[in-house]
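Letters go in sequence order (proteins before strands), and every chain restarts at 1.
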Amino acid sequence: MLNKASFNSSIGKLYYIWLSELKVPEVVFLSNIVKSFENYLEELRIKYTDLSFRDKKSDEIENSIIGYLNGNLKGLDLKPHFLTGTVFEKKIWLATLEIPFGNVLSYKEIAEKAGHPGAWRAAGTALNHNPVLMVVPCHRVIKSSGAIGFFGAGEGIKALLLELEHRLISV
DNA sequence: TGCATGGCGCCGG
DNA sequence: ACCGGCGCCATGC
């Protein structure tokens, strides 16, 4: 069963979709952009209504995210569940999932790790399609030059998350 | 099917 | 150090 909800956080209002009826909460979608939330719901053929649904899983998810943003946790311990994406995109997302808290890789390195060494340009596009902000830590992928690179959720948020993680890891 | 489009990389100037 | 130009490859139309 798919459920959806939203809540306020330090990086703005977050919208998410999760699977209930599982032992561990699985996050299908997470974003701060309402438009991409609407688009994703449309892709899943779910109506944009009833945002107030809650259960134990949604509490777990929100607490985990809030804790991460407060710097209480070393990473976001949430499991993604991909209902969309091509084989290539999923490979990129899974490779990105393995980047440890506080670390970064370049788009090129991610493409190599995913088994597509020449596809760094397409890797960027695939990361732009990441349905689960922060759960798949696409903010940990930057340019080879060291520049921060683009971020669909806002480059300010990308910088914020990287600084947050860097600060905690260097304590 | 071909072609334009992207959260990029690399090299010259 | 900072461009512009060209190359790269998976998608979508």
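In this structure, CG on A:Leu97 lies 13.0 Å from CD1 on A:Ile92, to the nearest 0.5 angstrom. Note that SG of A:Cys138 is 10.5 Å distant from CD1 of A:Ile110, once rounded to the nearest 0.5 Å.
The minimum heavy-atom distance linking A:Ser144 with A:Lys108 is given by the pair OG-CB, 4.1 Å.
For A:Phe29 and A:Phe37, the distance between ring centers is under 6.0 angstrom. Checked against the 6.0 Å centroid criterion, the rings of A:Phe7 and A:Tyr16 qualify as a close aromatic pair.
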How is the base pairing of DNA chain B summarised as a dot-bracket string, given the Watson-Crick and G-U wobble criteria with both distances under 3.5 Å, [ ] for crossing and | for another strand?
.|||||.||||||

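Here A:Ala119 lies in heavy-atom contact (under 4.0 Å) with sugar-phosphate atoms only. Residue contacts for A:Phe151: at a heavy-atom cut-off of 4.0 Å it reaches a base atom on one of the strands shown.
Under the side chain to side chain donor-acceptor pair (under 3.5 Å) criterion, A:Asn103 pairs with no residue at all, not counting sequence neighbours.
In this structure, A:Trp18 and A:Ser58 have side chains that are in contact, with non-hydrogen atoms separated by less than 4.5 Å. A 4.5 Å side-chain heavy-atom check between A:Phe101 and A:Tyr68 finds at least one atom pair inside the cut-off.
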Heavy atoms under 4.0 Å is the rule here; annotate nucleotides 8-13 of chain B 5' to 3' with B where the base is hit, S where only the sugar-phosphate is, and - elsewhere.
BSS---

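Ring-plane geometry between A:Phe151 and A:His139 is classed as perpendicular, the angle between the planes exceeding 60 degrees on a 0 to 90 degree scale with a lower cut at 30.
Shown for residues 89-103 of chain A: no residue has heavy atoms falling under 4.0 angstrom of DNA chain B. Interface residues of residues 128-141 of chain A facing DNA chain B, ordered by number: A:Asn128, A:Cys138, A:Val141; criterion, heavy-atom separation under 4.0 Å.
Residue A:Phe150 places its CZ atom among 12 or fewer non-hydrogen atoms of other residues, nucleotides or ligands, all under 6.0 Å distant. Enclosure of atom CG in A:Asp77 is not indicated, since only 12 or fewer non-hydrogen atoms of other residues, nucleotides or ligands lie within 6.0 angstrom.
At a threshold of 4.0 Å, the pair A:Lys57-A:Glu60 does not count as salt-bridged, since none of the basic side-chain nitrogens sits closer than that to a carboxylate oxygen. We find that A:Glu98 and A:Lys113 are joined by a salt bridge, their nearest charged nitrogen and carboxylate oxygen being less than 4.0 Å apart. Using a 4.0 Å cut-off between a side-chain N of Lys or Arg and a carboxylate O of Asp or Glu, A:Glu165 and A:Arg140 qualify as a salt bridge.
Once you apply a 4.0 Å limit to the heavy atoms of chain A, the touched nucleotides of DNA chain C run 5' to 3' over C:dG7 to C:dT11.
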Candidate pair A:Ser36 and A:Tyr15, rule side-chain hydrogen bond (donor to acceptor under 3.5 Å, both in side chains), full reasoning
CA-CA 9 Å; A:Ser36 49; A:Tyr15 306 84; over 6 Å; no

